[in-house]
Amino acid sequence: MAEDERKIVLDKSNFSEWYNDVVDVAGLSEKRYPIKGMNVWTPYGWKIMQKVDSIIRRECDATGHDEVHFPLLIPKTEFQKEADHIKGFDAEVYWVTHGGLNELDIPLLLRPTSETAMYPIFSLWVRSHKDLPLKTYQIVNTFRYETKMTRSFIRVREIHFFEAHTCHDSFEEAEKQIREDCSIMDKVGSDLCLPYLLVKRPDWDKFAGAVYTIGVDTLMPSKKTLQLGSIHQYKENFSKPYDIKFEGSDGEFHFAHQTTYGMSERLIGAIVGVHGDDKGVIMPPKIAPFQFVIIPILAKNKSEMVLEEARKLRQEMTEMGFRIKLDERDTRPGSKHYDWEIKGVPIRIEIGPRDIEKGTVVFARRDLSTKSFIERSDLKAQAEKALDEIHSELRKRADDIVDNGVKMVDSLDDGTKLLGSGWDGIIKTNWCGEMDCAQAMEKALDKTFLGFPMKDVDSGEEEKHSGNCMNCGRPTDTVVMLSKSY
RNA sequence: GGGCCCGUGGGUUAGCUUGGUAUACUUGUGCGUUCGGGACGCAUAGACUCCAGUUCAAAUCUGGGCGGGCCCA
């Protein structure tokens with residue numbers, strides 16, 4: 001069957017449509033639940049999310065965080081304690097106003113994020129400097145009443161959310177935490193084969209209640225940035241209204257310094273968008289629910305024999321530590337090939353009478369569409385090698401998107417010329433700090449301020465580069481990025 | 001916040017102007033033959049978003065709700 005005769009036509013050049021189609025056709029999410037932005041997690045989609053969560057858990061546990069789980073409902077009275085925070089979320093909270101037939105004295109809200117649920121309790125948990133640092137995280141659903149168009153994984157109303165909350169005895173310790181968060185992001189990004197940029201948000205775009213916010217952004221093939229996570233420095237902004245204070249070794253009481261780190265199911269949206277192609281999604285091996293799918297070729301009179309051998313193969317590979325799916329469905333092999341290709345299983349293994357005779361299996365790689373014969377005797381080594389290669393290939397492809405997606409530009413003229421030439425992506429330039437200039441730049445480029453790129457993962461410093469403000473030409477060493485974003 | 005559009009089996013859709021019998025493809029199910037890139041035959045199942053109105057009669061006309069989408073601020 002020729003390419004253009006495919007039953008399902010996916011065309012990534014129309015990214016927006018492609019994304020919706022591929023999510024649907026790969027069975028990643030069930031969108032027919034009758035509430036906007038609240039999708040059903042399908043078995044396959046949920047398996048992916050669980051793998052991602054397990055990587056996040058692994059990294060948080062390794063850095064001394066403890067997992068907790070706070071209630072979904074928050075009393076209005078607690079929510080209102082930090083003024084900026086309310087302002088930031090007021091328009092998008094869901095309210096619970098009734099208990100049965102009775103109107104509640106104090107309305108309850110569904111957490112849009114959990115600061116105001118956790119911090120009243122933190123104030124009980126933190127009493128001495130010996131209780132610090134307090135490093136917690138939870139993986140829960142949060143709710144935000146989005147009014148704009150929703151999109152699976154990228155903009156939803158019920159969000160599968162990871163949030164780390166920490167308390168420290170000083171600003172310096174909190175800053176160290178933020179650098180640790182960046183290093184966690186590095187490991188997560190590496191396992192998911194997702195490149196990202198750490199970009200400090202401008203003041204007008206920081207998290208409600210934060211002193212500063214570092215956004216974790218990736219670049220989608222549509223040339224729009226997608227925020228994957230955020231890391232916030234709160235200083236004492238929350239500990240004061242929530243009365244989180246501790247008795248120091250000096251015998252005095254001090255307010256705790258706090259940070260948070262959040263990520264969500266958007267990670268899946270990014271994986272789909274960055275790695276997918278016209279044949280479907282491609283799952284990075286470290287989070288693929290199934291790293292290998294075994295397709296038995298059931299020839300006449302030999303089907304029992306082949307099936308038996310396929311089951312043996314599944315058993316062997318499971319014992320080797322791989323995640324295996326054996327597709328025993330009574331349909332043609334070709335049909336199964338398409339199914340698992342769309343779902344992005346990294347390697348398809350075919351085993352039929354001819355292979356069994358020769359002591360081989362066929363490996364078909366999802367990323368390169370290549371097929372090769374593998375000796376059963378060398379299976380483990382070959383399987384590991386193939387997964388490693390796919391991991392590297394996906395990382396390389398994704399890195400290329402970001403490497404080619406950011407360009408340094410000196411002036412508005414150069415910027416508009418560049419964008420007029422057909423290139424699109426993130427514009428990096430200098431900015432003097434004046435709001436008027438920011439607005440002029442956004443308007444001329446038709447992009448918004450993403451923020452100030454960080455120099456690297458470790459230092460916690462912003463990138464500096466001497467030049468002239470893109471708009472007014474005044475000398476400055478402040479570097480900014482502008483992009484279209486989701 | 002302002003404006004516009006849409007809702008027919010699981011999916012895609014015809015029919016709506018001019019009210020009466022709902023079309024096709026796909027998918028699902030059963031049986032048989034098949035199985036190295038989407039198999040075939042036969043049989044079979046499945047829908048007009050909800051409420052109210054007009055009418056002898058509503059998928060079709062009118063109003064409202066619910067759900068979905070787009071554009072502008």
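In the text below, chain A, chain B and the rest are named by the order of the sequence lines, each starting its count at 1. Keep in mind that the numbers below use all heavy atoms, side chains included, and drop hydrogens, waters and symmetry copies.
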Distance check needed: [N] [atom2] versus [X] [atom1], whole Å only.
| X | N | atom1 | atom2 | result |
| --- | --- | --- | --- | --- |
| A:His337 | B:G36 | NE2 | P | 8 Å |
| A:Lys358 | B:G36 | NZ | P | 16 Å |
| A:Trp340 | B:G38 | CH2 | C1' | 15 Å |
| A:Arg155 | B:G68 | CZ | C1' | 16 Å |
| A:Asn20 | B:G68 | CG | P | 14 Å |
| A:Asp90 | B:G1 | CG | P | 13 Å |
| A:Lys279 | B:G37 | NZ | C1' | 10 Å |

Could you tell me if [Y] and [X] have a donor-acceptor pair between their side chains, going purely by distance under 3.5 Å?
| X | Y | answer |
| --- | --- | --- |
| A:Thr113 | A:Glu115 | yes |
| A:Tyr119 | A:His165 | yes |
| A:Ser369 | A:Lys279 | yes |
| A:Tyr486 | A:Ser222 | yes |
| A:Thr116 | A:Arg111 | no |

Taking for each residue the nucleotide of RNA chain B bearing the nearest heavy atom, is the 5' side occupied by A:Ile35 or by A:Arg354?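 First, find each residue's nearest nucleotide; the 5'-ward one identifies A:Arg354.
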Side chain A:Asn404, main chain A:Asp400, donor-acceptor under 3.5 Å: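 Here the side-chain-to-backbone pair exists.
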A:Glu163 side chain to A:Ser114 backbone, donor-acceptor under 3.5 Å: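 Confirmed, A:Glu163 side chain pairs with A:Ser114 backbone.
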Rounded distance in Å between the [atom1] positions of [N] and [M]:
| N | M | atom1 | answer |
| --- | --- | --- | --- |
| B:U55 | B:U60 | P | 16 Å |
| B:U17 | B:C72 | P | 34 Å |
| B:C48 | B:U8 | C1' | 4 Å |
| B:G30 | B:U13 | P | 28 Å |
| B:A14 | B:G32 | P | 39 Å |
| B:A57 | B:G1 | C1' | 43 Å |
| B:G11 | B:G46 | C1' | 12 Å |

Taking only N and O in the side chain of A:Arg332, is any of them less than 4.0 Å away from OP1 or OP2 of B:C40?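 No, because none of the side-chain N or O atoms of A:Arg332 sits under 4.0 Å from OP1 or OP2 of B:C40.
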Which atoms of nucleotides 5-10 of chain B (N or O only) lie under 3.5 Å from a protein N or O atom, and what are those distances?
unit_1	atom_1	unit_2	atom_2	d
B:G10	O3'	A:Arg32	NH1	3.0
B:G10	O2'	A:Arg32	NH1	2.7

Can we say A:Arg397 and A:Asp277 salt-bridge, meaning some charged N sits less than 4.0 Å from an Asp/Glu carboxylate O?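 So A:Arg397 does not pair with A:Asp277 through a salt bridge.
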Please write out each protein N/O paired with an N/O of nucleotides 69-73 of chain B under 3.5 Å, distance rounded to 0.1 Å.
unit_1	atom_1	unit_2	atom_2	d
B:G69	OP2	A:Lys36	NZ	3.3

Against A:Asp217, only a single residue in A:Arg266, A:Lys484, A:Arg201, A:Lys224 fulfils salt bridge (charged side-chain N to carboxylate O under 4.0 Å, His left out); can you say which?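 Testing each of A:Arg266, A:Lys484, A:Arg201, A:Lys224 against A:Asp217, the sole residue satisfying salt bridge (charged side-chain N to carboxylate O under 4.0 Å, His left out) is A:Arg201.
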Member of A:Lys36, A:Arg155, A:Arg157 meeting the salt bridge (charged side-chain N to carboxylate O under 4.0 Å, His left out) criterion with A:Glu146: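 For A:Glu146, the salt bridge (charged side-chain N to carboxylate O under 4.0 Å, His left out) test succeeds with only one of A:Lys36, A:Arg155, A:Arg157, which is A:Arg155.
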Indicate, yes or no, whether a donor-acceptor pair under 3.5 Å links the base of B:G38 to the side chain of A:Asp339.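 Yes, a donor-acceptor pair under 3.5 Å.
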Out of B:G36, B:G37, B:C35, which has the shortest distance to the side chain of A:Lys300?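 The answer is B:C35.
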